[in-house]
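Encoded as structure tokens, the structure appears first; notes follow it.
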Amino acid sequence: MTDPDSGRRPKYQRIADELRTAIQAGAFAPGDRLPGENDLMTTYEVARMTARQALSVLRNEGLAEARKGAGVFVRAFRPLRRRGIPRLAQEHWGTGRSVWSADIEDRALVVDQIEVRETAANTRVADALGLTPDAQVCVRSRRFVLDDKPVLLSVSYLPARLAQGTPISTPDTGPGGTYARLAELGRQPVHFREEIRCRMPTADESSRLTLEFGTPVILIGRTAFTATGEAVELNEMTLDSASYVLEYDFDA
């Protein structure tokens, strides 16, 4: 059945629709090169800007990616399924595995741009951790790269009094990560709260995550609490929205 509104849609949108349908039907496989601007100009008898806009639609949707000097290709990256509840189970970090082990399966993960420092907490961080204004916090900043694609920026804040003199204040926190080290200090996280929202990225986030223009980011703020209700970590994460599926599986 013909869409009655199709004739009123901009031509670049209609071209993008046809390319999207072809990708979803398997006519273009992951990693295949899509028709270039010159090809689209000839096939659809449109101007270069129209062809460029059509390809931009697919890039903004995360279906395609541009490779400098080579063209636009169907994105081959497999979405990362973030299992929001199982990944925080003690059976992962309590046995020396990171919380990421629940997500990545056998895929290659690299953590880079690691920075660990101590600074005064701003109001947002102090409120989340129940600290007095300007209290010292340990800040752990890093980037996660999966299959050679940056997917996540993460910044953790912990009370400096807990982190000082422990592996938490060093780049490598050891098996099980920060939560395992907190458990060794008698501050084992037993409860987590996550807040999720979306927005467009800053210029720095776009650069560090190598985002396609127009791709939003997902912001997840997670606070970890001990059995006594003490907040021991605030982790603020910035995710490439085109790289993730957020999965939450729980009983009624």
Within a strict 4.5 Å, meaning less than it, do heavy atoms of the I23 and L34 side chains meet?
-> yes
What distance do T166 atom OG1 and L182 atom CG have between them, rounded to the nearest 0.5 Å?
-> 8.0 Å
Could you state the interatomic distance from CG (L109) to CG (D147), rounded to the nearest 0.5 Å?
-> 9.0 Å
Report yes if the side chains of R181 and P175 come closer than 4.5 Å at any heavy-atom pair, otherwise no.
-> yes
M200 vs P216 side-chain heavy atoms within contact, under 4.5 Å | yes
Distance from R33 atom CZ to D39 atom CG, nearest 0.5 Å?
-> 6.0 Å
With side-chain hydrogen bond (donor to acceptor under 3.5 Å, both in side chains) as the test, would you mind laying out the steps for R142 and S156 before giving the verdict?
-> CA-CA 9 Å; R142 57 265 192 220; S156 294; 3.1 Å; yes
State, with a plain yes or no, whether a side-chain heavy atom of L19 is found less than 4.5 Å away from one of L40.
-> yes
Co-membership, hydrophobic cluster, residues F28 and Y44, 4.5 Å side-chain | yes
Do the side chain of R222 and the main chain of F192 share a donor and acceptor less than 3.5 angstrom apart?
-> no
In terms of heavy-atom contacts, does CG of D148 have more than 12 from other residues, nucleotides or ligands at under 6.0 Å?
-> no
Whether R161 side chain and Q136 backbone form a donor-acceptor pair below 3.5 Å | no
Would you mind checking if R197 and E195 are paired as a salt bridge, meaning a charged N to carboxylate O distance below 4.0 Å?
-> no
What distance do T178 atom OG1 and N235 atom CG have between them, rounded to the nearest 0.5 Å?
-> 8.5 Å
With distance as the sole test, does R208 use its side chain to make a donor-acceptor pair with the main-chain N or O of L153 at under 3.5 Å?
-> no
Would you call R124 and E236 a salt bridge, using N to O less than 4.0 angstrom?
-> yes
Report, one line per pair, each donor and acceptor closer than 3.5 Å where one atom sits in a side chain of residues 52-59; sequence neighbours left out.
{"residue": "R52", "atom": "NE", "partner": "E37", "partner atom": "OE2", "Å": "2.9"}
{"residue": "R52", "atom": "NH2", "partner": "E37", "partner atom": "OE1", "Å": "3.2"}
{"residue": "S56", "atom": "OG", "partner": "R52", "partner atom": "O", "Å": "3.0"}
{"residue": "R59", "atom": "NE", "partner": "E212", "partner atom": "OE1", "Å": "2.8"}
{"residue": "R59", "atom": "NH2", "partner": "E212", "partner atom": "OE1", "Å": "2.6"}

CD1 of I220 to CG of L239, rounded to nearest 0.5 Å, is 4.5 Å
Quick one: pull up CZ in R199 and CG in L219 and give me the separation to the nearest 0.5 Å.
-> 4.5 Å
State whether D17 and R20 are salt-bridged, where the test is any N-O pair (Lys NZ or Arg NE/NH1/NH2 against Asp/Glu carboxylate O) under 4.0 Å.
-> yes
